[in-house]
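The structure appears below as structure tokens.
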Amino acid sequence: MLRGKTALVTGSTSGIGLGIAQALAQAGANVMLNGFGDHEGPVEQVRQAGAAHGVRVGFHGADMSQPAQIADLLQATTSTLGGCDILVNNAGIQHVSPVEDFPAERWDAIIAINLSSAFHTTRLALPGMKARGWGRIINLASVHGLVASANKSAYVAAKHGLVGLTKAVALENATSGVTVNAICPGWVLTPLVQKQVDARAVADGVDGAEAQRRLLAEKQPSLQFTTPEQLGALAVFLCSDAAANVQGQAWSLDGGWTAQ
Ligand code: NAD
């Protein structure tokens, strides 16, 4: 279905980004990976996911808080894989603290990585998408793009901003063949959330399984984590012809979190 297309997935060495990269490769897209930590394992996993289509997989270690490195990432995607047809803005970090204790440096980093990076990738990828008359921009927002939780001021501000950016860019490009949408997951058990599970276990004096249960029970009525595989399947759907008229949406996959 996506044979001949190239996807750039930011923050794809782990968690949700890696799951989406695998799903896009399985659907036939060539994929440029990005992120910190080991990248050889993820590159191999994505190559295997797309083996039936002979997909090509690249890696670029741009720090998504640095606009010059983001420009280099987009350049490399075009020079090594032929362009960027599908842009998944997924890189993100979290910091949990009351606003009056929130380190200013963490605020700046969260806004840069979770929000401003998507502005930079979008402005750089759009001209090629419009010239080809087809493109998909998928922004990994969060339930926190729609509702708030205490002690996550920077994250909530960035994710609400990302949903706003999604809507504005969707309207600007509504007749261009490019769709722009956000995905809003609830809890997904990735390294980003494992840190919060561990903190909860320590705070409540319980084991990891009980800390997971308590986190889910507080917010996610299904009592199930959303999975990277489910998010990958939604991303593939948003890239399909069936989703060509899905524009400017913030699509929840949150076990009922935002229905409350
Ligand atoms: P994760 O920590 O497993 O993965 C984050 C990825 O981003 C990693 O590949 C990491 O190397 C990369 N990254 C971090 N800082 C970077 C930087 N400066 N430059 C480049 N890459 C960087 O996290 P995850 O849970 O998979 O989160 C992925 C996205 O999904 C984030 O935007 C997050 O806010 C969002 N999200 C996560 C959840 C959840 O419950 N896990 C829920 C809603 C939304």
Could you give the side-chain donor-acceptor pairs of residues 66-76 under 3.5 Å, partners two or more places apart or in another chain?
residue, atom, partner, partner atom, Å
Q69, OE1, D63, N, 2.8
D72, OD2, H60, NE2, 3.0

Donor-acceptor contacts under 3.5 Å from residues 101-116 side chains, at least two apart:
residue, atom, partner, partner atom, Å
N114, OD1, I93, N, 3.0
N114, ND2, I93, O, 2.9

If you look only at distance, which donor and acceptor atoms sit under 3.5 Å apart when one is on a side chain in residues 246-253 and the other is two or more places apart or in another chain?
residue, atom, partner, partner atom, Å
Q247, OE1, V180, N, 2.8
Q247, NE2, V178, O, 3.1
Q249, NE2, Q247, O, 3.3

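With sequence neighbours left out, R132 forms a salt bridge (Lys or Arg N to Asp or Glu O under 4.0 Å) with D85. Taking T121 as the reference, N89 meet the side chain to side chain donor-acceptor pair (under 3.5 Å) condition, with sequence neighbours excluded. Taking R123 as the reference, nothing meets the salt bridge (Lys or Arg N to Asp or Glu O under 4.0 Å) condition, with sequence neighbours excluded. Listed by chain and residue number, D254 satisfy the side chain to side chain donor-acceptor pair (under 3.5 Å) test with T258 (two or more places apart in sequence, or in another chain). Residues forming a side chain to side chain contact (heavy atoms under 4.5 Å, CB included) with A150 (at least two apart in sequence, or on another chain): none. Partners of E44 according to the salt bridge (Lys or Arg N to Asp or Glu O under 4.0 Å) rule, which considers only residues two or more places apart in sequence or in another chain, are R47.
Screening residues 12-26 for salt bridge (Lys or Arg N to Asp or Glu O under 4.0 Å) gives no qualifying pairs among residues at least two apart or on separate chains. Residue pairs meeting the salt bridge (Lys or Arg N to Asp or Glu O under 4.0 Å) criterion with at least one member in residues 231-250: none, sequence neighbours excluded. The side-chain hydrogen bond (donor to acceptor under 3.5 Å, both in side chains) pairs that include a residue from residues 194-203 are K152-Q196, Q194-D198, R200-D204, R200-E218, where partners are two or more places apart or lie in different chains.
Separating the OG atom in S222 from the CH2 atom in W187 is a distance of 13.0 Å, to the nearest 0.5 Å. To the nearest 0.5 Å, atoms CG (L2) and CG (N30) are separated by 10.5 Å. In this structure, CG on L24 lies 10.5 Å from CG on L8, to the nearest 0.5 angstrom.
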